[in-house]
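For reference, the structure is listed below as C-alpha cells.
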Amino acid sequence: MSSPERQKALKGMKDVLPPDIYLWQKVERTASELFSAYGFREMRTPVAEATAVFSRGIGEGTDIVEKEMYTFEDKGGRSITLRPEGTASAVRCFVENQLHTLPSPQKYYYLGPMFRYERPQSGRYRQFYQIGAEVFGSAAPAVDAEVMSMLRHFLMRLGLGSLNFQVNSIGCEECRPGYKQALLAYFAPVTGDLCPDCQRRYLHNPLRILDCKVRRCIELRKDAPRVTEHLCTGCEAHFRKLLDLLKLLNVPYTVNHEMVRGLDYYTRTTFEVTSEDLGAQNAVTAGGRYDNLVRNCGGPDTPAFGFATGIERIVDLLKQTLLPPEPAPAIFIAALGEQAHDAAMVIADGLREEHIWVELGEPAASLKSQMRKADRLSSEYVFILGDDELNSGLISWKRLSDGTAGKVSRADVGSFLSGRR
RNA sequence: GUGAGCGUAGUUCAAUGGUUAGAGCACUGGAUUGUGGUUCCAGUUGUUGGGGGUUCGAGUCCCCUCGCUCACCCCA
C-alpha cells in the first residue's frame, strides 16, 4: 500500500515463521532421530534435476509429468525441472553413486521442498515439503512392514497415533495386465453411464476408475473385480505376509481395494495414511513398493520400498491439538542510562555465551517501557541496572511470574540463575 | 485447466447509493522521582486490491483485471 510496489511470495508458496516454525522443527527433529534408530541415513539431493529424471522415473503419462512440473531451460539450453517428488531423485542418486555396492539393503531418508505447478488449495502448495524414506535392495515384505511401522511410530511420537493406514497391493507386471482386462470387461457394458472423467480413464488408466468420487461411478463399481483376487502367487504371498507382519507389529490397517496410486512406478504394495481432519487433500503420507524403477533408470535390478509424508499436512494436524510453544527469554536487562547499558551489554554477552537467552532494553527507553517489553516477551526475570546498581555492584532482579524481587552481586549472576531455574 | 466465494487501517470487522470511511484489538507515549500484567488518557495507520463505467453522488450497482480462499482434476 505504500508507494513502492509491495512484493509478495509467489502463489502457492508460503513463509514459515514462528510460532509455526517450532512445530516444523519438532517434526523434522523427530523424523531424523527416529529414522536413525531404524538405520536410515540422510540423503540430500539437488532440488533441480534434468527433466528426464522425472519424466522417465515418474512416468510420461502421469499428471505430474504431463502438467504439473516446473520445467525451464537453463542458459545452456538444457531442460531443467524442479523436483515434484523425492523418489525419482533418490533413485538417480542411488544409481549415479553406485550405492548398490554398499551392504544391502540401503536405507535413506530425505527432507526438503518439492514443487508442483497446481492450483493451490487447503493443504496443497506449489512449494511443499516432504519427509521421505527409501529402502533399496530388498524384496522382502518384512521391509514394507518395517518401514510402515517406523512411520507409525513417527506419527505416534508426534501425537498422531490414531491415523488410518490403508493398504493395498496392485500386483506386478505379471498379474496386473490380467486384472486390467477383468476390469475393462466389467465396465464394458456400462461405460456410457460413467462420468466423463472415468470414460477417459476407461481408455487410458482403468485402475483410476476405482477411486473416482462421483456417486454414480461408486455405485457402478460396487461389484467390480478386486486387485487382490487377481494377484499372481508371488504377489499374493507378499501381500499376505505383509498383513501378518503389520498385525504382529500392531500397525492398525485397513485393506482398501480401491486405493490406486497416481504414479506409474509402484508394484505390489501401496499404502496411504489419511486423516479426517484435513479437508479434501486428506493424505498425510503415501508410499509403496517400486521393484522395477531402479532398473528402469539404468541401475542394477534393485527392488525398493519407500514413502513420502507432507510436512505442511502434519503441521496442520498438530496445530489442531497443540499450540506451538513460544520460547521466552530467561532474562531481560533493563538498563538506565548509557553507562548502565554498556555494562548490561557485557553481562548479556557473558550469559549468552552460556546459552542463556538474554534480551536488552532499548538504550534510551524509560524503565516503564522496558518493563512492559520484558512482560510482553514473557521473560522469566528482569534485571535492572541503573546508577544505584553500578555504584553498589548489586543488580536488582525481579521475577515477573510472581513479582518477587531482590538483589544479586554481579559476580554471582551465574550461580543465581543455575540455583533459581 | 474448470467452478464457486471473498477483497475496507498491522489485524478482526462496521458503514439503508448521500457530508470529512469508523470501532475493538495491536502498536507508541503518558497517568510527579526507578518497576510489567488490570485500569484511565492521548496519539499513529487507509489510493476501500487496481482500472473503467452507470449516477447529481459509488466502499456500496455493472464490466474488466489482479489477488486470496475453497472445491474439481490430481495428490503430500
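Quick note on labels: first sequence line is chain A, next is B, and so on, each numbered from 1.
Look at Lys368(A) and you won't find any side-chain N or O under 4.0 angstrom from OP1 or OP2 of G30(B). Of the side-chain N and O atoms in Lys11(A), one or more sit less than 4.0 angstrom from OP1 or OP2 of C68(B).
Using a 4.0 Å heavy-atom distance criterion, Gln370(A) is classed as making no nucleic acid contact. Across all strands shown, Thr309(A) has no heavy atoms under 4.0 Å from either base or sugar-phosphate atoms. Using a 4.0 Å heavy-atom criterion, one finds that Thr285(A) contacts the sugar-phosphate atoms exclusively. Among the atoms of the strands shown, none is found under 4.0 Å from any heavy atom of Gly132(A). Looking at heavy-atom distances under 4.0 Å, Lys14(A) makes contact with sugar-phosphate atoms alone, never a base. Among the atoms of the strands shown, base atoms are found under 4.0 Å from some heavy atom of Tyr125(A). At a threshold of 4.0 angstrom between heavy atoms, the contacts of Ala374(A) with the nucleic acid are absent. Residue contacts shown for Asp197(A) are limited to sugar-phosphate atoms, with no base heavy atom under 4.0 Å away. In this structure, Glu389(A) reaches the bases: a heavy-atom distance under 4.0 Å links it to at least one base atom across the strands shown. At the heavy-atom level, Val284(A) lies under 4.0 Å from the strands shown only through sugar-phosphate atoms. Backbone-only contact: Arg376(A) has heavy atoms under 4.0 Å from sugar-phosphate atoms and none from a base.
The side chain of Glu118(A) sits closest to A76(B) out of C68(B), A76(B), C72(B). Nearest nucleotide to the Met371(A) side chain, out of C72(B), U35(B), G34(B): U35(B). Listed nucleotides G34(B), C72(B), G67(B) differ in distance to Gln121(A); the shortest reach to its side chain belongs to C72(B). Closest to the side chain of Arg372(A), from the set A76(B), G36(B), G34(B), is G36(B). In the set C72(B), C68(B), C70(B), the nucleotide with an atom closest to the side chain of Ser122(A) is C70(B). Distances were taken from every side-chain heavy atom of Gln130(A) (C-beta onward) to each of G36(B), G34(B), A76(B); the shortest belongs to A76(B). Closest to the side chain of Ala286(A), out of U35(B), C74(B), A76(B), is A76(B). Distance from the side chain of Lys8(A) is smallest to C68(B) among C75(B), C68(B), G36(B). Of the candidate nucleotides G34(B), C27(B), G36(B), G34(B) has the atom lying nearest to any side-chain atom of Asp387(A).
Checking side-chain atoms of Asp20(A) against main-chain N and O of Val16(A) turns up no donor-acceptor pair under 3.5 Å. When atom types are taken as modelled, the side chain of Arg313(A) and the backbone of Ala283(A) share a donor-acceptor pair closer than 3.5 angstrom. The closest donor-acceptor contact from the side chain of Thr51(A) to the backbone of Ser79(A) lies under 3.5 Å.
Pairing for U33(B) is absent, judged as Watson-Crick or G-U wobble with the two contacts each under 3.5 Å. Nucleotide U55(B) has no partner under the Watson-Crick or G-U criteria, as no pair reaches both atom distances under 3.5 Å. U69(B): Watson-Crick or G-U partner is A4(B), with both key distances under 3.5 Å. A14(B) is unpaired under the criterion used here, namely a Watson-Crick or G-U wobble arrangement in which both key atom distances are under 3.5 Å. U47(B) is unpaired under the criterion used here, namely a Watson-Crick or G-U wobble arrangement in which both key atom distances are under 3.5 Å. The partner of U19(B) cannot be assigned: no Watson-Crick or G-U wobble pair with both contacts below 3.5 Å exists in any strand.
U38(B) and U44(B) are spaced 23 Å apart, taking the P atom of each and rounding to whole Å. For G49(B) and A58(B), the P atoms lie 15 Å apart once the distance is rounded to whole Å. Here the separation of U11(B) from G52(B), taken at their C1' atoms, is 31 Å to the nearest Å. When the P atom is compared between G17(B) and C61(B), the two are found 8 Å apart, to the nearest whole Å. Rounded to the nearest Å, the gap between the C1' atom of A4(B) and that of C25(B) is 32 Å. Between the P atoms of A26(B) and G34(B), the separation comes to 26 Å (whole Å). Nucleotides G46(B) and U55(B) place their C1' atoms 25 Å apart, quoted to the nearest Å. For the P atom pair drawn from G5(B) and A9(B), the interatomic distance equals 23 Å after rounding to whole Å.
Between the base of G37(B) and the side chain of Asp375(A) there is no donor-acceptor pair shorter than 3.5 Å. The base of G1(B) has none of its N or O atoms less than 3.5 Å from a complementary donor or acceptor on the side chain of Glu68(A). Applying the 3.5 Å distance criterion, the base of G36(B) shares no donor-acceptor pair with the side chain of Lys373(A).
Among Val382(A), Leu360(A), Ile356(A), the single residue meeting the side chain to side chain contact (heavy atoms under 4.5 Å, CB included) criterion with Ile331(A) is Ile356(A).
When the P atom of C75(B) is taken as reference, atom CZ of Arg201(A) falls 9 Å away, rounded to whole Å. We find that CG of Leu207(A) is positioned 13 Å from P of C74(B), with the value rounded to whole Å.
Taking the six-membered ring where the residue is Trp, the centroids of Phe416(A) and Tyr381(A) are separated by under 6.0 Å.
Shown here is Arg352(A), whose CZ atom has more than 12 heavy atoms of other residues, nucleotides or ligands within 6.0 Å. Shown here is Tyr117(A), whose OH atom has no more than 12 heavy atoms of other residues, nucleotides or ligands within 6.0 Å.
Residues Ile384(A) and Arg119(A) both approach RNA chain B. Their nearest nucleotides, taken by heavy-atom distance, put Arg119(A) toward the 5′ side.
Between atom OH of residue Tyr179(A) and atom OG1 of residue Thr228(A) there is a gap of 8.0 Å, rounded to the nearest 0.5 Å.
The side-chain heavy atoms of Ile384(A) and Ile333(A), taken from C-beta on, include no pair separated by under 4.5 Å.
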